[in-house]
Amino acid sequence: MRIILLGAPGVGKGTQSKMLCEHYAIPHISTGDILRQHVQDKTELGRKAEALMSKGQLVPDDLILALVEDRLSEEDAAAGFLLDGFPRTLPQAVGIDAILGRHDTAIDGIIAIDVDQKVLQSRLVARRSCPQCGTVYNLVIAPPKVNDICDVCGHKGLVQRDDDKPATIRERLEVYHQHTAPLLSYYRPSGLLHEIDGDGNVDEIFQSIMAALSPAE
Ligand code: AMP
C-alpha cells in the first residue's frame, strides 16, 4: 500500500500515520522527521533547512525531492510506504509522480485530514514530545499518564518543538493554506483523494481512513 497523508500542521497526521503504518506494515516516511534528524546531525542539508524550519517556512523543493527519492529507494519502501508531510507544494506533487514513474509504481490512496483552523492552533500550542523516543503528546487531549514523563520510555522532561511556538504556528498555517491546500484541487480529479473530517476521536478517524483506503476490509 502506497499512501500520501495530507493535512495542515496539527490535524493528527503523526498519530494516524503511526496507526496506518502498523496496520499495513509499511514504513512511515515523514519529511519533517528526516529534516529534524539532519538538523540534529548537523549535515549540510540540516544547516540549510534549520533557519527555514524555525521560521515555519518551506525547505526548497529540489532538496526535498532528492531526500524523498533517496528514502524511497531504500529496501523497506519497496512494498509500500506512507508519506507524511510530503508533498507540500505543486512542484513536489508533480515531482513525486515522476519519481514513482521511474520506479514503475504509483500511489494507491491520498488521505487529506481536515480540522478547523482554531482547533489546530490550540492543538499545536499544547503539543509536546519526548526528546528520547519521539512519542508525541497533547497536554489537552492526549497528555502523558504522569505529568512530564514519557509513557513509552519513562524519560522525564517533555519538550515543545521550536516551530510550535505561537508566531511560528501562524506562519506554518499560512504556508499550508498558500502552498499545500491547492494540492487538494490537484488530486481531486485522480479519484484517489479521500477527504476525512479530523475533528473527533483518534480511533473513529482511523476507521474512516481505513474505510476509504480499503472499502472491502
Ligand atoms: P512537519 O514536521 O511535517 O510539520 O515539518 C516541519 C518543517 O519541516 C516544516 O515547517 C518545513 O519547514 C519543513 N518541511 C517538512 N516537510 C517539508 C516538505 N515536504 N517541503 C518543504 N518543507 C518541509
Side-chain angles (χ1 to χ4, degrees), residues 2-18 20-21 27-72 77 81-100 107 110-115 117 120-121 123-131 133-138 159-184 186-187 198:
R2 296 176 179 84
I3 307 169
I4 287 178
L5 195 54
L6 295 174
V11 296
K13 295 194 297 295
T15 308
Q16 295 299 330
S17 293
K18 228 179 222 167
L20 286 165
C21 288
H28 174 204
I29 302 182
S30 152
T31 44
D33 284 350
I34 299 174
L35 289 169
R36 276 184 288 279
Q37 191 63 51
H38 276 273
V39 171
Q40 199 175 320
D41 296 346
K42 299 191 178 358
T43 65
E44 196 188 332
L45 171 59
R47 277 195 292 274
K48 284 185 188 155
E50 190 169 15
L52 294 163
M53 291 172 76
S54 65
K55 284 188 277 187
Q57 291 168 2
L58 295 179
V59 173
D61 292 329
D62 54 338
L63 299 179
I64 296 287
L65 283 165
L67 174 160
V68 169
E69 181 147 29
D70 266 8
R71 180 63 187 86
L72 291 184
F81 51 78
L82 181 146
L83 290 168
D84 164 11
F86 171 92
R88 254 174 158 102
T89 65
L90 213 45
Q92 290 181 17
V94 173
I96 185 64
D97 286 344
I99 291 172
L100 294 178
I107 293 295
I110 301 161
I111 299 294
I113 308 179
D114 185 43
V115 172
Q117 174 107 356
L120 289 182
Q121 273 169 343
R123 278 195 196 175
L124 287 164
V125 175
R127 184 155 74 176
R128 297 290 182 279
S129 62
C130 172
C133 71
T135 302
V136 177
Y137 297 92
N138 184 292
V159 296
Q160 184 176 40
R161 268 169 50 174
D162 276 348
D163 59 355
D164 280 341
K165 308 274 159 71
T168 316
I169 288 172
R170 276 194 297 278
E171 175 67 15
R172 289 167 64 206
L173 291 172
E174 184 56 41
V175 164
Y176 175 81
H177 286 293
Q178 199 178 335
H179 296 282
T180 312
L183 293 185
L184 298 182
Y186 172 79
Y187 281 128

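Counting starts at 1 for both ligands and their atoms, following the listed order. Below, each value reflects all heavy atoms present in this structure, side chains not excepted, and no hydrogens, waters or symmetry copies.
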Peer 1: Do the non-hydrogen side-chain atoms of Val59 and Leu35 ever get within less than 4.5 Å of each other?
Peer 2: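 Val59 reaches Leu35 side chain to side chain.
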
Peer 1: Determine the minimum heavy-atom distance between Tyr176 and Gly7, stating which atoms define it.
Peer 2: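 Between these two residues, the closest heavy atoms are CE1-C, 3.5 Å.
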
Peer 1: Can Arg170 and Glu174 be counted as an ion pair, charged N to O under 4.0 angstrom?
Peer 2: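 Answer for the salt bridge query: no.
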
Peer 1: Just jot down the ligand 1 atoms closer than 4.0 angstrom to any heavy atom of Leu35, in number order.
Peer 2: 8 (O), 13 (C), 14 (N), 15 (C), 23 (C)

Peer 1: What protein heavy atom sits nearest atom 6 (C) of ligand 1, and how far away is it?
Peer 2: Arg36 NH1, 3.5 Å

Peer 1: Would Gln37 and Asp33 count as a side-chain hydrogen bond (donor to acceptor under 3.5 Å, both in side chains) if you check the C-alpha gap in whole Å, the side-chain angles of each, and the deciding distance to 0.1 Å?
Peer 2: CA-CA 6 Å; Gln37 191 63 51; Asp33 284 350; over 6 Å; no

Peer 1: Can a non-hydrogen atom of Lys13 be found less than 4.0 Å from any atom of ligand 1?
Peer 2: no

Peer 1: Does the side chain to side chain contact (heavy atoms under 4.5 Å, CB included) test come out yes or no for Leu6 and Ile113, once each step is laid out?
Peer 2: CA-CA 6 Å; Leu6 295 174; Ile113 308 179; over 6 Å; no

Peer 1: Heavy-atom contacts with Arg172 under 4.0 Å: which atoms of ligand 1 show up? List them by number with element.
Peer 2: 4 (O)

Peer 1: Minimum heavy-atom separation for Ala93 to Tyr187, with atom names?
Peer 2: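 Between these two residues, the closest heavy atoms are CB-OH, 3.5 Å.
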
Peer 1: Considering only protein heavy atoms, which is closest to atom 22 (N) of ligand 1, and at what distance to one decimal place?
Peer 2: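 Its nearest protein heavy-atom neighbour is Val59 N, 3.1 Å.
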
Peer 1: Under a 4.5 Å cut-off applied to non-hydrogen side-chain atoms, are Thr168 and Asp164 in contact?
Peer 2: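 A side-chain contact under 4.5 Å is absent here.
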
Peer 1: Are Leu124 and Pro9 close enough that some pair of their side-chain heavy atoms sits under 4.5 Å apart?
Peer 2: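 Yes, close enough: below the 4.5 Å cut-off.
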
Peer 1: Only heavy atoms of Arg161, strictly under 4.0 Å: list the atoms of ligand 1 that pass.
Peer 2: 1 (P), 2 (O), 4 (O), 6 (C)

Peer 1: Could you list the atoms of ligand 1 found under 4.0 angstrom from a heavy atom of Gln57?
Peer 2: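 Within the 4.0 Å cut-off of Gln57, ligand 1 contributes 11 (C), 12 (O).
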
Peer 1: Provide the number and element of each atom of ligand 1 under 4.0 Å from a heavy atom of Gly85.
Peer 2: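 Answer for ligand 1: 16 (N), 17 (C), 18 (C), 19 (N).
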
Peer 1: Which of the numbered atoms in ligand 1 are below 4.0 angstrom from a heavy atom of Gln92?
Peer 2: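 Heavy-atom distances to Gln92 below 4.0 Å select 18 (C), 19 (N), 20 (N), 21 (C).
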
Peer 1: Look at ligand 1 and say whether Lys55 reaches it with a heavy atom at a distance under 4.0 Å.
Peer 2: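 The answer is no, since Lys55 has no heavy atom less than 4.0 Å from ligand 1.
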
Peer 1: Just to be sure I'm reading this right: ignoring hydrogens, which of Arg88, Glu50, His179 gets closest to atom 4 (O) of ligand 1? Compare them by their nearest heavy atoms.
Peer 2: Arg88

Peer 1: Do Asn138 side-chain atoms and Arg123 backbone N/O form a donor-acceptor pair below 3.5 Å?
Peer 2: yes

Peer 1: Please state which protein non-hydrogen atom is closest to atom 8 (O) of ligand 1 and give its distance, to 0.1 Å?
Peer 2: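 Result for atom 8 (O) of ligand 1: Met53 CE, 3.5 Å.
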
Peer 1: Please report whether ligand 1 has a polar contact with Thr31, defined as an N or O pair separated by less than 3.5 Å (distance criterion only).
Peer 2: yes

